[in-house]
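Working notes for the structure below.
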Amino acid sequence: MVKITENLESIAERIRQRFAEKDEAREKALGLSRDTIRYSSAAIRALHRQEFDEAREMLRSARTSVDEMDKALSNLSDLRHGGFVHDAQKEYAEGSLTLALVRGETLPTPESLGVNHPAYLNGIGEAVGELRRYLLDGIRRDDLSRSEEILAAMDDIYGILVTMDFPDALTYGLRRTTDVVRGILEKTRGDLTLAFEQRGLQKRMEQLEKRLDSKT
């Protein structure tokens, strides 16, 4: 009589080997994910310091990590769609898109960045928060030269995101990101309106003082 579990050990050994390979690839990809996030965060910090060359260098390093992560998981489709991959791609997309928006450059595409569509959309949504920070820094420096242009870009981004009305399982929580963008946009519009009103008042006061000085 044939023992029905005779080949079970060989089956189990193949499964163990596959799990070991996946675990090794996952650990490598996790490290690369952390590197991507670290480089992307450093790029955004450099951007806010107006150190744009440094920001680009950090983003190049982030792209290398993104590509290596994709290569490490090339034969593991289930892990390629894991949360840590999405988070890393999203942070890299956020940094790259924020830099392009601040510099007035053509936006890179998801394909040129090597990121998936949910990561790209969530990345550009989170870039709106960085644009608000950039505009507030400009207000503090009394530099409103590109404020209206950047605010218009923020409005355009929101206008696109609200059209992505698909389940969260497809968009990785884009609806929540879109809600946050709406709040940021409203607050930023109010802050800029106030800044322009104050600048106008200041100019009128200066003109009045000049007229009074001319009469004395």
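Predicted, not measured: the structure shown is a model, and the values here were computed from it.
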(request) State plainly whether the residues R18 and E21 are in salt-bridge range, i.e. N to O under 4.0 Å. (result) yes

(message) Is there a side-chain contact between D87 and T36 in this structure, where contact means two heavy atoms from C-beta onward sitting under 4.5 Å apart?
(response) no

(request) Determine whether V66 and Y120 fall in the same hydrophobic cluster, where Ile, Leu, Val, Met, Phe, Trp and Tyr are linked whenever their side-chain heavy atoms lie under 4.5 Å apart. (result) yes

(request) Only one of T177, D155, I150, V181 passes side chain to side chain contact (heavy atoms under 4.5 Å, CB included) with V128; say which it is. (result) V181

(request) Looking only at non-hydrogen atoms, find the nearest pair between R175 and D168 and report the distance. (result) CB-OD1, 3.9 Å

(request) Using the side chain to side chain contact (heavy atoms under 4.5 Å, CB included) rule, take L113 and Y92 through it: C-alpha gap first, then chi angles, then the decisive distance, then the call. (result) CA-CA 8 Å; L113 293 178; Y92 169 58; 3.7 Å; yes

(request) For the pair L192 and L144, evaluate side chain to side chain contact (heavy atoms under 4.5 Å, CB included) and give the outcome as yes or no after the intermediate values. (result) CA-CA 9 Å; L192 279 179; L144 301 177; 4.3 Å; yes

(message) Any heavy-atom pair between the side chains of L174 and F166 that's under 4.5 Å?
(response) no

(message) Any heavy-atom pair between the side chains of M69 and D35 that's under 4.5 Å?
(response) no

(message) Within this structure, what is the NE2-CG distance for the pair H48 and D137, rounded to the nearest 0.5 Å?
(response) 7.0 Å

(request) Is it possible for you to say whether L121 and I184 belong to one hydrophobic cluster, with membership spreading through side-chain heavy-atom contacts below 4.5 Å? (result) yes

(request) To the nearest 0.5 Å, tell me how far L59 CG sits from S61 OG. (result) 8.5 Å

(message) Ignoring hydrogens, what is the shortest heavy-atom contact between A46 and A55? Give both atom names and the distance.
(response) CB-N, 3.8 Å

(message) If I compare all heavy atoms of F84 with all of S33, which pair ends up nearest, and what's the gap?
(response) O-OG, 3.0 Å

(request) Please test I44 against S40 for side chain to side chain contact (heavy atoms under 4.5 Å, CB included), starting from the C-alpha separation and ending with a verdict. (result) CA-CA 6 Å; I44 289 176; S40 300; 5.8 Å; no

(message) Check this for me, if you would: do R63 and D67 make a salt bridge, where the nitrogen-to-carboxylate-oxygen distance has to be below 4.0 angstrom?
(response) yes

(request) Supply the atom-to-atom distance L107 CG to L99 CG, rounded to the nearest 0.5 angstrom. (result) 11.0 Å

(request) Starting at CD of E13, measure out to CD1 of I11 and round the result to the nearest 0.5 Å. (result) 12.0 Å

(message) Taking the basic N atoms (NZ, or NE/NH1/NH2) and the acidic carboxylate oxygens, is any pair closer than 4.0 Å for R60 and E57?
(response) yes

(request) Determine, step by step, whether L136 and I139 satisfy the side chain to side chain contact (heavy atoms under 4.5 Å, CB included) criterion, reporting the C-alpha distance in whole Å, the side-chain angles of both residues, the deciding distance to 0.1 Å, and the verdict. (result) CA-CA 5 Å; L136 292 178; I139 290 173; 4.1 Å; yes

(request) Please report the closest heavy-atom contact between I37 and A88, naming both atoms and the distance. (result) CG1-CA, 3.9 Å

(message) Taking atom CD as the centre, does E24 end up with more than 12 heavy-atom neighbours from other residues, nucleotides or ligands that are less than 6.0 angstrom away?
(response) no

(message) As an exercise, state the distance from NE2 of H117 to OH of Y172, rounded to the nearest 0.5 Å.
(response) 13.0 Å

(message) Tell me if the CG atom of D53 is crowded by more than 12 foreign heavy atoms within 6.0 Å.
(response) no

(message) Is there a path of hydrophobic side-chain contacts, each under 4.5 Å between heavy atoms, that joins I15 and L8?
(response) no

(message) Within the 4.5 Å heavy-atom criterion, are R103 and R56 side-chain neighbours or not?
(response) yes

(request) Flag the pair R38 / E91 as yes when at least one side-chain heavy-atom distance between them is below 4.5 Å, and no otherwise. (result) no

(request) Write down the atom of T98, the atom of A127, and the distance for their closest heavy-atom approach. (result) OG1-CB, 3.2 Å

(message) I'd like to know if F19 and L30 are part of one continuous hydrophobic network [Ile/Leu/Val/Met/Phe/Trp/Tyr, side-chain heavy atoms within less than 4.5 Å].
(response) no

(request) List the atom of L101, the atom of A153, and the distance in Å for their closest heavy-atom pair. (result) CD2-CB, 4.1 Å

(request) Hey, could you give me the OG/CD distance between S96 and E105, rounded to the nearest 0.5 Å? (result) 10.5 Å

(message) Between N7 and S10 (side chain of the first, backbone of the second, donor and acceptor by atom type, cut-off under 3.5 Å), is there such a pair?
(response) no

(message) Could you tell me if the side chain of R146 sits less than 4.5 Å from the side chain of L135, heavy atoms only?
(response) no

(request) Answer yes or no: is there a side-chain heavy-atom contact under 4.5 Å between L161 and I124? (result) yes

(message) Is there a side-chain contact between L47 and E130 in this structure, where contact means two heavy atoms from C-beta onward sitting under 4.5 Å apart?
(response) no

(message) Please determine whether a side-chain nitrogen of the Lys or Arg among D179 and R176 lies less than 4.0 Å from a carboxylate oxygen of the Asp or Glu.
(response) no

(message) Same cluster or not: L194 versus Y134, using hydrophobic residues (I, L, V, M, F, W, Y) connected whenever any side-chain heavy atoms lie under 4.5 Å apart?
(response) no

